[in-house]
Participant: 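After the structure tokens below, expect a handful of questions from me.
Because only heavy atoms are used, hydrogens play no part in the values below, and waters and symmetry mates are left out as well, while side chains stay in. Along the sequence shown, residues carry numbers from 1.
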Amino acid sequence: MTMEDSEALGWRSVADLIGDHPDAAVALVGAPLNERSLTPGRCDLGPRAFRAVLPRFSTYDVETGRSLEAPVHDAGDVALKALAPDAAFRPLRDAVAAQSGRRLTVIIGGNNAVTRPGLHGLGLEGTGLLTLDAHFDLRDTDQGLTNGNPVQALLDDGMDGSLISQVGLAPFANTKRAHDTANAAGISVRTAGDCHRKGFAAVVAEELERLAARADRIYVDVDIDVIDRSQWPASPGARPGGIGVHAFFEATRVIGACRKVRAVDLTEYDPSLEVGDLGSLTVGRWFCDLLAGFETR
């Protein structure tokens with residue numbers, strides 16, 4: 001079905017918003033990085049699967065009675081095939097920097113090693129980092145860069161730990177050493193239990209407010225394994241007891257609405273672990289909610 005056929009039937013999809021739009025306020029960058037993952041998988045398939053599912057989403061939001069309208073410039077995928085994180089740093093950093101004049105850049109990974117170059121694309125100085133993740137990602141970097149140490153790598157780069165907030169950390173999925181490292185660096189640590197008790201969106205809003213008071217701009221890393229594994233099987237790192245998808249979508253709108261959020265990545269989505277398109281549909285809905293939040297700015 002062509003775009004004209006869809007519109008004639010009253011169905012305009014989110015895919016119709018994406019294309020060559022040089023003046024758009026929002027940009028999309030694919031980052032199919034997969035090398036040096038601590039668990040085997042195919043996170044490099046994420047950007048392609050993400051784009052493929054978007055025609056299944058209408059632009060109309062029945063909750064608000066509003067339709068998504070803002071065009072999204074598709075900057076394409078960065079050529080990262082078979083590149084290790086250190087080799088991928090420059091091309092991905094430069095791809096994000098090329099879109100830095102826009103109000104929001106969305107980076108679709110790829111494993112979590114995309115976060116360091118993505119943040120550097122905004123500029124290390126003055127940028128705050130919010131991670132939604134079951135893990136600290138504070139493993140040592142002495143054996144090289146992986147998807148398990150982007151936050152540690154940023155600290156090694158000289159990032160001020162007080163400009164980092166980590167939300168959704170799971171019990172029995174981390175080490176005391178990583179927790180001690182986070183505390184010593186001044187990182188704000190909010191566990192999955194905190195989020196269940198107070199509400200995930202409320203905790204995310206608190207941390208965005210904390211970062212906005214300290215930083216000129218905010219980069220948000222969404223490691224999709226923050227979602228409860230029963231609702232998100234398409235990631236090897238997801239655990240039972242994680243965040244429910246309803247709360248996840250609600251928090252996504254909060255992130256999209258925050259004026260200081262200039263870039264958001266989505267990482268650790270592995271389409272090879274799909275069960276009934278659940279992963280792709282969750283990622284597609286996440287993108288819709290991010291745009292819905294953005295359009296309220």
Participant: Do we see a donor-acceptor contact under 3.5 Å between the side chains of Arg12 and Thr59?
Facilitator: no
Participant: Can you name the closest pair of heavy atoms from Arg102 and Ala27 and give their distance?
Facilitator: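 That would be CD-CB, 3.3 Å.
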Participant: Quick check: do Ile224 and Ile227 have side-chain heavy atoms less than 4.5 Å from each other?
Facilitator: yes
Participant: Do you see a donor-acceptor pair shorter than 3.5 Å between the side chains of Asp277 and Ser280?
Facilitator: no
Participant: Tell me the closest heavy-atom pair linking Phe136 and Gln166, and the distance in Å.
Facilitator: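 In terms of heavy atoms, the two residues are closest at O-NE2, 2.9 Å.
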Participant: Looking only at side-chain N and O atoms, does Thr105 offer a donor or acceptor that is under 3.5 Å from a partner on Gln99?
Facilitator: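 No - no donor-acceptor pair under 3.5 Å links their side chains.
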Participant: Side chains of His120 and Asp157 only: does a donor on one sit below 3.5 Å from an acceptor on the other?
Facilitator: yes
Participant: Checking Arg103 now: which residues fulfil side chain to side chain donor-acceptor pair (under 3.5 Å) with it, not counting sequence neighbours?
Facilitator: none
Participant: Return yes if a side-chain donor-acceptor contact under 3.5 Å exists between Gln152 and Asp140, otherwise no.
Facilitator: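 No.
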Participant: If you count heavy atoms of other groups shown closer than 6.0 angstrom to CZ of Arg90, is the number above 12?
Facilitator: no
Participant: Hey, does the side chain of Asp20 reach the backbone of Asp74 with a donor-acceptor pair shorter than 3.5 angstrom?
Facilitator: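 No: the side chain of Asp20 does not pair with the backbone of Asp74.
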Participant: With a sphere of 6.0 Å drawn around CZ of Arg139, does it hold more than 12 non-hydrogen atoms of other residues, nucleotides or ligands?
Facilitator: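 Count not over threshold, so no.
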Participant: Locate the shortest heavy-atom distance separating Ala113 from Leu33; write the atom from each residue and the value.
Facilitator: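 Minimum heavy-atom contact is CB-CD2, 3.7 Å.
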Participant: Between Thr267 and Asn111, does any side-chain donor sit less than 3.5 Å from a side-chain acceptor?
Facilitator: no
Participant: Taking all non-hydrogen atoms of both residues into account, name the closest pair between Ile107 and Ala263 and its distance.
Facilitator: CD1-CB, 4.3 Å
Participant: Any side-chain heavy-atom pair from Arg253 and Thr64 closer than 4.5 angstrom?
Facilitator: yes
Participant: Of the non-hydrogen atoms in Asn147 and Ser37, which two are nearest, and what is the gap between them?
Facilitator: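 So the minimum-distance heavy-atom pair works out to OD1-CA, 3.4 Å.
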Participant: Of Leu145, Asn149, Val151, Leu92, which is the lone residue that meets side-chain contact (heavy atoms from CB on, under 4.5 Å) with Arg116?
Facilitator: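 Single side-chain contact (heavy atoms from CB on, under 4.5 Å) partner of Arg116 among Leu145, Asn149, Val151, Leu92: Leu145.
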Participant: Taking atom types as modelled, is there a side-chain donor on Thr115 or Asp265 under 3.5 Å from an acceptor on the other?
Facilitator: yes
Participant: Would you say the side-chain atoms of Thr131 and Asp133 include a donor-acceptor pair closer than 3.5 Å?
Facilitator: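 There is no such pair between these side chains.
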Participant: For Val106, which of Trp286, Phe294, Phe50 qualifies under side-chain contact (heavy atoms from CB on, under 4.5 Å)?
Facilitator: Trp286
Participant: Side-chain contact test, heavy atoms from C-beta onward, threshold under 4.5 Å: evaluate it for Leu68 versus Glu295 and give yes or no.
Facilitator: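 Heavy-atom side-chain distance check passes, below 4.5 Å.
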Participant: Among pairs that include at least one residue of residues 181-221, which meet ring pair (Phe, Tyr, Trp, His ring centres under 6.0 Å), considering only residues two or more places apart or in two chains?
Facilitator: none
Participant: So which heavy atom on Trp232 is nearest to which on Thr282, and how close?
Facilitator: CZ3-CB, 3.7 Å
Participant: Check this for me: does any side-chain nitrogen of one of Asp61 and Arg66 sit under 4.0 Å from a carboxylate oxygen of the other?
Facilitator: no
